[in-house]
Amino acid sequence: MTTFLPATNHDQMTSSSFEERFPLRDSNAIQALAANLKRLRRERGLTQQQLSAQTGIDQAAISLIENGRSNPTVLMLESLAGTFGVRLVDLLESHPERARR
């Protein structure tokens, strides 16, 4: 007789879709962070990999943040703000005038 064990979290993660594991966050702060991070990185001519090397944050995590699919830690936000020479709150502020450019 074969016994089947219940699915583990690992089994559930490998069988779920990207969208299920990394949902688009419905948060104004997360969307502002995504736009600001991408803008700051591009203004400085950095790739995600280069930003990763400067901050110690994995490139995949940076991609998820820039796409509004991550809820980064305060430590990550502090590292990003420090790298760009901005205040942490500046990363979370919405700038609608910049979106219209």
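If you're wondering where the values come from, they're calculated on a predicted model, not measured in any experiment.
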Enquirer: For residues 77-87, run the donor-acceptor check on the side chains, cut-off 3.5 Å, and write out each pair with its distance to 0.1 Å, sequence neighbours left out.
Expert:
| residue | atom | partner | partner atom | Å |
| --- | --- | --- | --- | --- |
| S79 | OG | T55 | O | 3.3 |
| T83 | OG1 | S79 | O | 2.9 |
| R87 | NE | D90 | OD1 | 3.3 |
| R87 | NE | D90 | OD2 | 3.3 |
| R87 | NH2 | D90 | OD1 | 2.7 |

Enquirer: Roughly how far, to the nearest 0.5 Å, is the NZ atom of K38 from the CD atom of E43?
Expert: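 One finds 13.5 Å between CD of E43 and NZ of K38.
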Enquirer: Roughly how far, to the nearest 0.5 Å, is the CG atom of N36 from the CG atom of L92?
Expert: 8.0 Å
Enquirer: Please check if the side chain of N67 supplies one atom and the backbone of R69 the other of a donor-acceptor pair under 3.5 Å.
Expert: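 A pair under 3.5 Å: no.
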Enquirer: Could you measure the distance from the CG atom of N28 to the CD atom of E93? Nearest 0.5 Å is fine.
Expert: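 Separation between the atoms: 13.0 Å.
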Enquirer: Work out which heavy atom in Q50 is nearest to a heavy atom in L46; give both atom names and the distance.
Expert: OE1-CA, 3.3 Å
Enquirer: Between I62 and M76, is there a shared hydrophobic cluster once you connect ILVMFWY residues whose side-chain heavy atoms come closer than 4.5 Å?
Expert: yes
Enquirer: Which value, rounded to the nearest 0.5 Å, describes the distance between I65 atom CD1 and L37 atom CG?
Expert: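 One finds 6.5 Å between CD1 of I65 and CG of L37.
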Enquirer: What is the minimum heavy-atom distance between G68 and A34, and which atoms define it?
Expert: N-CB, 3.8 Å
Enquirer: Using side-chain heavy atoms (C-beta onward) and a distance below 4.5 Å, is L33 in contact with P72?
Expert: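 Yes - at least one pair of side-chain heavy atoms lies under 4.5 Å apart.
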Enquirer: Between CD of E66 and CZ of R42, what distance do you get to the nearest 0.5 Å?
Expert: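 Between E66 CD and R42 CZ, I get 7.0 Å after rounding to 0.5 Å.
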Enquirer: Among side-chain atoms of Q48 and Q59, is any donor-acceptor pair under 3.5 angstrom?
Expert: yes
